[in-house]
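Have a look at the structure below, then the notes.
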Amino acid sequence: MKRFLHSNQSGRSMIEALGYISIMIMISTAVASAVNSGYYKYRMSRINGELTDLKKVISQRYVAAENYKEVKMETLVDEKIAPYDTADGSHAFGGDVKIGSGDSQGSTFYIEFDNIPREVCMELGLRVWLVNDGSDLDAMKINNKTWGWKFSNSIDNPNYDLPAVASDVLSGCSKEYDNKMVWYFN
């Protein structure tokens, strides 16, 4: 009869098991957060690259043209020179990408990104543009607010002067996910 009696337990208690499970959940959450943060930074980098690549392709394609009146995404796609990421008409955050002539004389062209999240809108709105990098930024529009240089060809009477100030860009990027940004280049 003695062989059926055990004086020591060999298994773990329920509290210990819950402790291990809690630790595993915390570690999994931390790893998922790190992966998500990395993916967000990648998409932020991609949208910056998409904007730069598209601007350069348009500048190079239309450098010999008299003006930018004929700028169309279809032309870039048909000629197989559209940046790969934007050739389908969307950007890294899934919104639409549009391009075209920025004014009636065709002296500027625009690039428009729709459905931009607020944080991305802020970063793109405060972006420092290189001068003489193919085409120069002439004006910028975020939702219903405009920024322009004193003698901008694209926008008459802008709300704010370029370069943009953080507080002004924050007021322009008013929507959580559905911001619309337009850049005008000459």
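Residue numbers run from 1 in the order of the sequence given. Predicted model, so just to flag it, every value in this text is computed and none were measured.
Counting non-hydrogen atoms of neighbouring residues, nucleotides and ligands closer than 6.0 angstrom, the CG atom of Asn144 reaches no more than 12 such neighbours. Taking a 6.0 Å sphere around CD of Glu66, one finds it holds 12 or fewer heavy atoms contributed by other residues, nucleotides or ligands. Counting non-hydrogen atoms of other residues, nucleotides and ligands closer than 6.0 Å to CG of Leu18 gives a total above 12.
Remark: Glu50 CD to Lys55 NZ distance equals 15.0 Å, nearest 0.5 Å. The distance from the NZ atom of Lys69 to the OG1 atom of Thr108 is 11.5 Å, given to the nearest 0.5 Å. In this structure, CG on Asp103 lies 9.0 Å from CG on Asn67, to the nearest 0.5 angstrom. Interatomic distance, OH of Tyr110 versus OH of Tyr68, reported as 15.0 Å (0.5 Å rounding). Distance CE/Met140 to CH2/Trp149: 10.0 Å, rounded to 0.5 Å. Here the straight-line distance linking atom NZ of Lys175 with atom CG of Asp178 works out to 5.0 Å at 0.5 Å rounding.
Linking ILVMFWY side-chain heavy atoms closer than 4.5 Å, directly or via other members, places Ile47 and Val182 in two distinct hydrophobic clusters. No single ILVMFWY cluster, assembled from side-chain heavy atoms under 4.5 Å apart, contains both Tyr184 and Met73. No single ILVMFWY cluster, assembled from side-chain heavy atoms under 4.5 Å apart, contains both Ile155 and Trp183.
With 3.5 Å as the limit, one finds a donor-acceptor pair spanning the side chains of Tyr40 and Glu119. When only modelled atom types and interatomic distance are considered, Asn159 and Thr146 share a side-chain donor-acceptor pair under 3.5 Å.
Listed for the Arg43 side chain is no donor-acceptor partner under 3.5 Å among the backbone atoms of Phe93. Judged purely by atom type and a 3.5 angstrom limit, Glu16 uses its side chain to pair as donor or acceptor with the backbone of Ser13. In this structure, His91 contributes its side chain and Asn48 its backbone to no donor-acceptor pair below 3.5 Å. Counting only distance, with no hydrogens or angles, the side chain of Asn143 and the backbone of Lys180 share a donor-acceptor pair below 3.5 Å. Without hydrogens or angle criteria, Arg118 side chain to Tyr177 main chain gives no donor-acceptor distance under 3.5 Å. With hydrogens and angles disregarded, no donor-acceptor distance shorter than 3.5 Å links the side chain of Ser45 to the backbone of Lys41. No side-chain donor-acceptor contact under 3.5 Å links Trp147 to the backbone of Val165.
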Before you tell me yes or no, could you show the steps for Met44 and Leu124 under side chain to side chain contact (heavy atoms under 4.5 Å, CB included), namely the whole-Å CA-CA distance, both residues' side-chain angles and the distance that decides it to 0.1 Å? CA-CA 9 Å; Met44 187 65 230; Leu124 292 175; 4.2 Å; yes
For side chain to side chain contact (heavy atoms under 4.5 Å, CB included), just list the numbers for Tyr20 and Ile15, CA-CA rounded to whole Å, side-chain angles, deciding distance to a tenth of an Å, and then say yes or no. CA-CA 9 Å; Tyr20 291 132; Ile15 293 175; over 6 Å; no
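The two residues Gly148 and Pro158 make their nearest non-hydrogen contact at N-CB, 3.6 Å. Of all non-hydrogen atoms in Val169 and Ala164, the two that sit nearest each other are CG2-CB, 3.5 Å. Across Leu162 and Asp138, no two heavy atoms sit closer than the pair CD1-O, 4.0 Å. Pairing each heavy atom of Ser174 with each of Ser171, the nearest pair is CB-O, 3.8 Å. Nearest heavy atom pair, residue Ile142 against residue Cys121, reads CG2-SG, 3.5 Å. Heavy atoms only, all atoms of each residue included: Pro117 and Asn179 are closest at C-ND2, 3.9 Å.
Between Lys98 and Asp114, the closest side-chain pair of non-hydrogen atoms falls below 4.5 Å. Ser101 is not listed as a side-chain neighbour of Val71, based on a closest heavy-atom distance of 4.5 Å or more. With a 4.5 Å cut-off on side-chain heavy atoms, Leu137 and Phe185 count as touching. Lys72 places none of its side-chain heavy atoms less than 4.5 Å from the side chain of Ile99. Taking 4.5 Å as the limit, every side-chain heavy atom of Met181 sits out of range of all side-chain heavy atoms of Glu112. With contacts defined as side-chain heavy-atom distances shorter than 4.5 Å, the pair Thr75/Glu70 does not qualify. A heavy-atom distance below 4.5 Å is not found between the side chains of Thr86 and Asp53.
The pair Asp168-Lys145 fails the salt-bridge criterion, with no side-chain N (NZ, NE, NH1 or NH2) lying under 4.0 Å from an Asp/Glu carboxylate O.
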